[in-house]
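First the structure, in the form of structure tokens, and then the observations on it.
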Amino acid sequence: MTEPEVPLPGGAMTHGVVRVGDTVRRPQCDNAAFVHALLEHLEAVGFTEAPRFLGIDELGREILTFVEGWVPEDPDPSAWSEEQIVAAARLLRRYHDASATAPGRRRHEIVCHGDPSPSNFAWNADLPTALFDFDNAYPGERIDDLAYFGWLFVLNGHDPNGLAIEEQAQRLRLVCDAYGFDRRSELLGAIVRRQTETTAIVVETARRPDCKRTPAETEEAVVWVAGETAWLRRNAAILGRHLS
């Protein structure tokens, strides 16, 4: 008996992601061969906190193991406890260490996940237990992913009714402590760089026929990132002082 396909929600880019039993079937991304080789490498080195690549089905979809857990819908950073932030930063570090020997990294430090936001971690018992969605993986440097992580986990939204800027800076320092990252004076500049790259990706993605965002949603995302960058530039001195 064929098991039913259960659509999986979430994601702004990929249509047609379904669960079939203990597997996930999804359309292959543009750099599918690179991602598949990365997932096979992670399995080979014993990194268990990512889905396993199982092959291609009869419809040309990639088959991955299903990762148990719940996925947040981009909550404000104030929703996270320090324990959760520390656990996520340490998980990202374990992934980076595992990818540091991947053939696909070429001359770079690691293979970046590319989008280590809260919604790409699987959560169990209120702690992150796995990383998934490696469609944006690329050879890069640790600071690239860590900057994106710090933005989405700590600085995202800069809600005036949420965390005070001093507390945000302390949490950014906590991320560096948990990860074991010492180049803190470079982190804010790296966050701005990743924000600029994110805008370019959003605009490019909007041109794809399979993009799930409407033109209005794309414009909203571009304006939002611009506001994030402007806020960070205005407050860089305060953040940098507490971060160091």
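Counting only distance, with no hydrogens or angles, the side chain of Asp145 and the backbone of Gly114 share a donor-acceptor pair below 3.5 Å. The backbone N or O of Arg52 sits less than 3.5 Å from a side-chain atom of Thr65, completing a donor-acceptor pair. Here the side chain of Asn235 pairs a donor or acceptor atom with the backbone of Trp231 at under 3.5 angstrom. The closest donor-acceptor contact from the side chain of Asn120 to the backbone of Asp115 lies under 3.5 Å. A donor-acceptor distance shorter than 3.5 angstrom exists from the side chain of Thr129 to the backbone of Ala122, with no hydrogens or angles considered. With Arg105 contributing its side chain and Ala100 its backbone, the two residues share a donor-acceptor pair below 3.5 Å. Here the side chain of Gln28 pairs a donor or acceptor atom with the backbone of Gly60 at under 3.5 angstrom.
Side-chain contact check for Thr23 versus Phe66: every heavy-atom pair is 4.5 Å or farther apart. The side-chain heavy atoms of Leu152 and Pro118, taken from C-beta on, include a pair separated by under 4.5 Å. Considering only heavy atoms from C-beta on, Ile238 comes within 4.5 Å of His242 through its side chain. Between Glu197 and Asp144 there is no side-chain heavy-atom pair separated by less than 4.5 Å. Counting heavy atoms from C-beta outward, Gln195 and Val192 have side chains that approach closer than 4.5 Å. Contact check for Val18 versus Val20: side-chain heavy atoms found under the 4.5 Å cut-off. Side-chain contact between Cys176 and Leu243: present, with at least one pair of heavy atoms (C-beta onward) separated by less than 4.5 Å.
Shortest non-hydrogen contact noted between Pro27 and Gly16 is CD-O, 3.8 Å. Nearest approach of Pro72 to Ser119, heavy atoms of both residues: O-CB, 3.5 Å. Between Ala178 and Arg90, the closest heavy-atom pair is O-CG, 3.5 Å. The heavy-atom pair separating Ala50 from Leu42 by the smallest distance is CB-CD1, 4.0 Å. Here the shortest heavy-atom pairing between Ala87 and Leu127 reads CB-CD2, 4.2 Å. Val202 and Ala221 get closest at one heavy-atom pair: CG1-CB, 4.1 Å.
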Audit row: Glu228, Leu232, side-chain contact (heavy atoms from CB on, under 4.5 Å) steps and yes/no: CA-CA 6 Å; Glu228 294 282 291; Leu232 181 56; over 6 Å; no
Run Arg171 and Glu166 through salt bridge (charged side-chain N to carboxylate O under 4.0 Å, His left out) and show every step you take. CA-CA 9 Å; Arg171 287 186 169 211; Glu166 291 80 8; over 6 Å; no
Verdict with reasoning, Glu68 to Arg19, per salt bridge (charged side-chain N to carboxylate O under 4.0 Å, His left out): CA-CA 11 Å; Glu68 294 286 351; Arg19 179 178 180 179; 3.8 Å; yes
The test is side-chain contact (heavy atoms from CB on, under 4.5 Å); show your working for Val86 and Leu174 and say whether it passes. CA-CA 7 Å; Val86 165; Leu174 186 64; 3.7 Å; yes
Just do the side-chain contact (heavy atoms from CB on, under 4.5 Å) check on Ile143 and Arg193 with the steps written out, would you? CA-CA 11 Å; Ile143 194 173; Arg193 183 171 66 249; 4.2 Å; yes
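Comment: Asp97 engages Arg142 in a salt bridge, judged by a side-chain N to carboxylate O separation of less than 4.0 angstrom. Asp177 and Arg184 are joined by a salt bridge, as a carboxylate oxygen and a charged side-chain nitrogen come within less than 4.0 angstrom of each other.
Side chains of Ser185 and Arg183: no donor on one and acceptor on the other come within 3.5 Å.
Leu131 is not connected to Val67 by any chain of hydrophobic side-chain contacts under 4.5 Å among Ile, Leu, Val, Met, Phe, Trp and Tyr, and they are in different clusters. When the side chains of ILVMFWY residues are joined at heavy-atom separations under 4.5 Å, either directly or via intervening members, Phe34 and Leu39 end up in a single hydrophobic cluster. Hydrophobic cluster membership is shared by Ile165 and Leu172, with clusters built from Ile, Leu, Val, Met, Phe, Trp and Tyr side chains linked at under 4.5 angstrom. Hydrophobic clustering (ILVMFWY, side-chain heavy atoms < 4.5 Å, transitive): Leu91 and Val175 are in one cluster. Put simply, Phe47 and Leu38 are part of the same group of oily side chains (I, L, V, M, F, W, Y) that touch within less than 4.5 Å, one to the next.
In this structure, Ser244 has no side-chain contact (heavy atoms from CB on, under 4.5 Å) partners at least two apart in sequence or on a different chain. For Ser81, the side-chain contact (heavy atoms from CB on, under 4.5 Å) partners at least two apart in sequence or on another chain are Glu83, Gln84. Remark: Glu141 engages His108 in a side chain to side chain donor-acceptor pair (under 3.5 Å) (not counting sequence neighbours).
Between the CG atom of Leu163 and the OG atom of Ser78 there is a distance of 5.0 Å, given to the nearest 0.5 Å. Separating the OG atom in Ser117 from the CZ atom in Phe149 is a distance of 10.0 Å, to the nearest 0.5 Å. To the nearest 0.5 Å, the span separating CG on Asn136 from CD1 on Ile201 amounts to 6.0 Å. Once rounded to the nearest 0.5 Å, the distance linking OG1 of Thr218 with CZ of Arg207 reads 10.5 Å.
Residue pairs that meet the side chain to side chain donor-acceptor pair (under 3.5 Å) test with at least one member in residues 30-43, sequence neighbours left out, are His36-Glu62, His41-Thr101. Applying the ring pair (Phe, Tyr, Trp, His ring centres under 6.0 Å) test to pairs two or more places apart or on separate chains, those with a residue in residues 179-221 are His96-Tyr179. Legend: ring pair (Phe, Tyr, Trp, His ring centres under 6.0 Å) pairs involving residues 118-143, not counting sequence neighbours, sorted by first then second residue: Trp70-Trp123, Trp80-Trp123, Tyr95-Phe134, His113-Phe134, Phe121-Phe153.
Exactly one of Asp133, Ile63, Val24, Leu64 qualifies for a side-chain contact (heavy atoms from CB on, under 4.5 Å) with Pro51. That residue is Leu64.
Between Trp224 and Trp151, the gap from one ring centroid to the other is short of 6.0 Å.
More than 12 heavy atoms of other residues, nucleotides or ligands sit less than 6.0 Å from atom CD of Glu217.
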